[in-house]
Amino acid sequence: MRPDTPAENVDHAAEAARLERTAGLYPEDAEALLLQAAAHLELSGDRPAATTLYDRLLSSHDGLENPHLIRALKAANLWEYDHEAEARAIIDGIRATAPRDPAPWVIVAESLESHDELQAAHKTFTEAVELLLADAEQPPRATHPLLFGRHRVRRMLGAAHDDWDMLADTLHSSPVSLDELHDPKRVWSLGSENPAELEAEIARLRAELGTYREALSRPFPVAVLHWPAAELAELLSAYGELSAEYPSHETHLATIEASLRELAASGTANLGIVTGTVPSYEAFAASEGASPSDPALLPQYATTLAARGRAVPWPPQRGESCWCGTGKPYTSCHGGSGPTATG
């Protein structure tokens, strides 16, 4: 699916089948591709088939990058088609193993929440926040849904704000506050005849819809292609026609940072960087029936790498190394001057 394809126009069953075929062509990326395929199967309503894909991954003899994530997705999917006992057992197992990745925590907590298990959801969100953020100076972007989800559940439970809730408020960037978005009474306000209440509710719904629509229509980042110095030298040695695109490696790195900042300034969210290799690029060109010397192939290659789960988020979080590979902190390397995206 193209990043700009509206979610409502997607044939989810066909997209799942395409992703399964792609996984066969790129076994090194099978985990990310099959997870996307399972998500499309869930959206198509074929939840048993999605479970089959999750089981296929979990039974794989190759090492998985994130088995906890796969188990969490399987549990959430099982519960949606009346396999509650098995889902609960998997959720309990995930909580007991305390993964360091926030994604499995978010999925199991939201699954509990969606089935009105608010106390259990609150406990799960809190366990994750205390485990992953207790010593963090700046919460990584991937942990923000934990704080937002915990805030939402606490509002549903009528709990007073605590320090974690206040942190969630500071991280939230929508013009509509978290307290408004998570107000339990707002679901009834559309029944009001007061125009001001109706207008406020419509604004809240638009803010939520924008967030969900962006997530659905762009399942992978808008990514810019990065060539390490050695790879770029090999690329230009083999395909000199591309030298106009890459006058020097230093210029290439500066262009990446400038392009990403420009995209961020224009309001584009979910930005990332993918790193190319010459053999991978040549294989991609062959699969497209095109010449590697064609500059028009470069953005297509970047998009394909992003769709295969190869993108890293931009900008790096505070204290993280720069994306360019120098090992220096981002803030003292390419992030050292001018504005960067926040989120």
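Taking the six-membered ring where tryptophan is involved, the planes of Tyr246 and His252 are perpendicular, since the angle between them exceeds 60° and thus also 30°.
In this structure, the side chains of Pro228 and Leu232 stay at 4.5 Å or more apart for every pair of heavy atoms. In this structure, Ile70 and Lys74 have side chains that are not in contact, with every pair of non-hydrogen atoms separated by 4.5 Å or more. The shortest side-chain heavy-atom distance between Gln317 and Glu320 falls under the 4.5 Å cut-off. Side-chain contact between Ile273 and Leu260: present, with at least one pair of heavy atoms (C-beta onward) separated by less than 4.5 Å. A heavy-atom distance below 4.5 Å is found between the side chains of Pro139 and His144. Within the 4.5 Å cutoff, the side chain of Leu305 has heavy atoms near those of the Ser280 side chain. Counting heavy atoms from C-beta outward, Glu231 and Thr275 have side chains that stay 4.5 Å or more apart. His122 has its side chain out of reach of Glu113: every pair of non-hydrogen atoms, C-beta onward, lies at least 4.5 Å apart.
Both Leu178 and Phe125 are assigned to one and the same hydrophobic cluster, defined by single-linkage of ILVMFWY side chains at heavy-atom distances under 4.5 Å. Follow the hydrophobic side-chain contacts under 4.5 Å out from Leu33 and you never reach Leu69; the two are in separate clusters. Under the 4.5 Å side-chain heavy-atom criterion for grouping Ile, Leu, Val, Met, Phe, Trp and Tyr, Ile107 is connected to Leu34 within one hydrophobic cluster. A continuous path of Ile, Leu, Val, Met, Phe, Trp and Tyr side chains, each step under 4.5 Å between heavy atoms, connects Trp314 with Leu253, placing both in one hydrophobic cluster. Taken together through direct or relayed side-chain contacts under 4.5 Å among Ile, Leu, Val, Met, Phe, Trp and Tyr, Val312 and Val274 form parts of separate hydrophobic clusters.
Atom-to-atom distance recorded for Thr124:OG1 and Leu146:CG is 10.5 Å, nearest 0.5 angstrom. In this structure, the separation between CZ on Arg21 and CG on Leu25 is 9.0 Å, given to the nearest 0.5 Å. In this structure, CZ on Arg154 lies 12.5 Å from CG on Leu118, to the nearest 0.5 angstrom. Between the CG atom of Leu147 and the OG1 atom of Thr143 there is a distance of 5.5 Å, given to the nearest 0.5 Å. Atom-to-atom distance recorded for Arg100:CZ and Leu131:CG is 4.5 Å, nearest 0.5 angstrom. Interatomic distance, Glu245 CD to Thr251 OG1, rounded to the nearest 0.5 Å: 12.5 Å.
Between Tyr54 and Ala39, the closest heavy-atom pair is OH-N, 4.4 Å. For Trp105 against Glu127, the heavy-atom pair with the smallest separation is CZ3-OE1, 3.5 Å. Pairing each heavy atom of Glu31 with each of Glu65, the nearest pair is OE1-N, 2.7 Å. Taking every heavy atom of both residues into account, Lys328 and Cys333 meet most closely at CB-CB, 4.2 Å. Annotation for Cys322 and His334: closest pair SG-ND1, 3.5 Å, computed over non-hydrogen atoms. In terms of heavy-atom proximity, Ala121 sits nearest to Ala109 at CB-O, 3.5 Å.
Glu42 contributes no side-chain N or O that, together with a main-chain N or O of Arg47, makes up a donor-acceptor pair within less than 3.5 Å. Side chain of Ser59 to main chain of Arg56: a donor-acceptor pair is present (N/O by atom type, distance under 3.5 Å, no hydrogens or angles). Side-chain atoms of Thr304 come within 3.5 Å of backbone atoms of Gln300 as a donor-acceptor pair (strictly under, hydrogens ignored). Listed for the Ser237 side chain is no donor-acceptor partner under 3.5 Å among the backbone atoms of Ala233.
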request  = Starting from the C-alpha separation in whole Å, work towards a yes-or-no answer on side chain to side chain contact (heavy atoms under 4.5 Å, CB included) for Met156 and His182.
outcome  = CA-CA 7 Å; Met156 295 295 292; His182 297 162; over 6 Å; no

request  = Show your reasoning for whether side chain to side chain contact (heavy atoms under 4.5 Å, CB included) applies to Leu298 and Leu242.
outcome  = CA-CA 10 Å; Leu298 296 167; Leu242 295 179; 4.3 Å; yes

task = Might you work through the side-chain hydrogen bond (donor to acceptor under 3.5 Å, both in side chains) test for Tyr330 and Trp323, ending with a clear yes or no?
result = CA-CA 7 Å; Tyr330 174 64; Trp323 52 264; 4.9 Å; no

request  = Take Leu225 and Ile256 through the test side chain to side chain contact (heavy atoms under 4.5 Å, CB included) and record every step on the way to the result.
outcome  = CA-CA 8 Å; Leu225 181 59; Ile256 291 173; over 6 Å; no

Residue pair Gln36, Arg18: steps toward the side chain to side chain contact (heavy atoms under 4.5 Å, CB included) verdict = CA-CA 10 Å; Gln36 291 183 54; Arg18 185 190 68 79; 5.9 Å; no

task = Check the pair Ser291, Tyr239 against side-chain hydrogen bond (donor to acceptor under 3.5 Å, both in side chains), reporting the backbone distance first and the verdict last.
result = CA-CA 9 Å; Ser291 168; Tyr239 309 103; over 6 Å; no

task = Apply ring pair (Phe, Tyr, Trp, His ring centres under 6.0 Å) to the pair His161 and His151, showing each step before the final yes or no.
result = CA-CA 8 Å; His161 267 42; His151 184 289; 5.0 Å; yes

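Cluster partners of Ile94, by chain and number: Leu78, Trp79, Tyr81, Ile90, Ile91, Val108, Leu112. The rule joins Ile, Leu, Val, Met, Phe, Trp and Tyr whenever side-chain heavy atoms lie under 4.5 Å apart.
By the side chain to side chain contact (heavy atoms under 4.5 Å, CB included) test, Ala32 is found to be paired with no residue, residues two or more places apart in sequence or in another chain being considered.
Residues Trp164 and Glu130 have side chains that never bring a donor and an acceptor to within less than 3.5 angstrom of each other. For the 3.5 Å distance criterion, the side chains of Ser114 and Ser111 fail to qualify, holding no donor opposite an acceptor.
Residue pairs satisfying the salt bridge (charged side-chain N to carboxylate O under 4.0 Å, His left out) criterion with at least one member in residues 142-151, sequence neighbours excluded, are listed as follows: Arg150-Asp162, Arg150-Asp165.
In this structure, Arg88 pairs ionically with Glu117, as a charged nitrogen and a carboxylate oxygen lie closer than 4.0 Å.
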